[in-house]
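Counting convention: from 1, in listed order, for ligands and their atoms alike. Counting from 1, the numbers follow the sequence of the chain as shown.
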Amino acid sequence: MPRTVRTRVVIVGAGPAGLLLSHLLADAGVESVVLDRRSRSDIESTIRAGILEQETVRVLHESGASERVLTTGNRHDGIELRFDGEGHRIDFPSLVGRSVWLYPQHEVLKDLIAARLAAGQDLRFETEVNSVGDVETEHPWVTATTADGDELRIDADFVVGADGSRSVVRPTVAGPSTGNYFREYPFAWFGILCEAPPSSEELIYSNSPDGFALISQRSATVQRMYFQCDPAANPDALSEAEIWDTLQARVPGTSLATGQIVQRDVLRFRSFVARELRHGRSVLVGDAAHTVPPTGAKGMNLAVADVVLLDCALRALLLENDARLIDTFAETALKRIWKAQHFSWWMTSMLHTAVDASPFDQRRQVGELRSVVESEAGRTFLAEAYTGWPHEG
Ligand code: DHB
């Protein structure tokens, strides 16, 4: 017989979406259990993107989830788009009165895990969910296997799938995968972390005939950079010298400060939206609901926006028996999700060079970039999306 635990909300996934949701719900007195198949150290050490929208920062800070986002994170007031040998700065405050913060996702996760554990959250690592049931009733449940091999059953009022792109909750909510929205791209990013001083104060998104590169930062001594590569590329196949030559050739005009490469990875690009985000008393948030290609760093920000909305909807449902917000959750969330899908696709297509791009395609792309940077309307459109649209909820 599995051991049975009773809670109000069972949250599958201890990533940014699941942890933040447990944090916001606890503030309203709504108890939850959070499960993740990964270990705490795996979660805290996986390198992801580093840009937080202003509203993401506000939620993390005002909810007490992270002090360090403001003390350790760095505010960035602009980015540079580089093409045709020239840089063009997009100045966020003057265009939209907002900024973004550079604060890596794994640091957000460390803060959230520490805050949840300090508050006594029931948070179980290395616990694998096996099945989800009865979501069409008011008494849904999940079963799971713990790190010790024990069987666990969790009875709840609501099930949340915040368990990433390979979600086990997704089939329960969205049905067969054939109905989902999906797009693949013919490129990937070769990402490095290196021990070097910053090569630039702000991020540089560079379109070059050889392909895209992004110069990002992490700290005074560690930098994050990416260059467009083949999705089948082997991250270990290039020497450090080849990596630096590739990066340098794609940011003409900047002399990159080089240093030892301490981590390398290849990131695949996908756009994905689940066909359904809610079914009865189950819902999907974050990467379980949608994936965006990395250009523009929308992934975690979108997860936070989902969670802010879901937090309001679950408070109303579970504390006041008011189902209106949960009934409109998917429709409301999808408006932002599809805007972010468009933005991530647009930044990706505008900045990367397709392998089969003709001379016409390349010149048209430069024309597109020029129409953005030379027009205040164009710069404003980019700045609005990059710094993040206002949250609902
Ligand atoms: C980073 C990643 C992104 O996808 C992006 O658009 C900007 C920055 C980063 O990892 O620093």
For ligand 1, run through the N/O pairs with the protein that fall under 3.5 Å and put one pair on each line.
from	atom 1	to	atom 2	distance (Å)
ligand 1	4 (O)	P294	O	2.6
ligand 1	6 (O)	Y205	OH	2.6
ligand 1	6 (O)	P294	O	3.4
ligand 1	6 (O)	G296	N	2.9
ligand 1	6 (O)	A297	N	3.3
ligand 1	10 (O)	G50	N	3.4
ligand 1	10 (O)	R218	NH2	2.8
ligand 1	10 (O)	Y226	OH	2.5
ligand 1	11 (O)	S216	OG	2.6
ligand 1	11 (O)	R218	NH1	2.8
ligand 1	11 (O)	R218	NH2	3.3

For the residue pair H352 and W189, categorise the inter-ring angle as parallel (less than 30°), tilted (30 to 60°) or perpendicular (more than 60°). parallel
Just distance, no hydrogens or angles: give the donor-acceptor pairs under 3.5 Å from side chains in residues 208-216, sequence neighbours left out.
from	atom 1	to	atom 2	distance (Å)
S208	OG	D210	N	3.2
S208	OG	G211	N	3.3
S208	OG	G211	O	2.7

Quick one: side-chain hydrogen bond (donor to acceptor under 3.5 Å, both in side chains) partners of D42, sequence neighbours excluded? none
Return a table of donor-acceptor pairs under 3.5 angstrom between the side chains of residues 370-378 and protein atoms on other chains or two or more places apart.
from	atom 1	to	atom 2	distance (Å)
R370	NH1	E374	OE2	3.3
R370	NH2	D84	OD2	3.1
S371	OG	G367	O	2.6
S371	OG	E368	O	3.2
S375	OG	A377	N	3.1
S375	OG	G378	N	2.8

If we only count heavy atoms from C-beta on, is the Q341 to V273 side-chain gap below 4.5 Å? yes
Given the ring of F360, does R364 sit roughly above its face, with NZ or CZ under 6.0 Å from the centre of the six-membered ring and within 45° of the axis? no
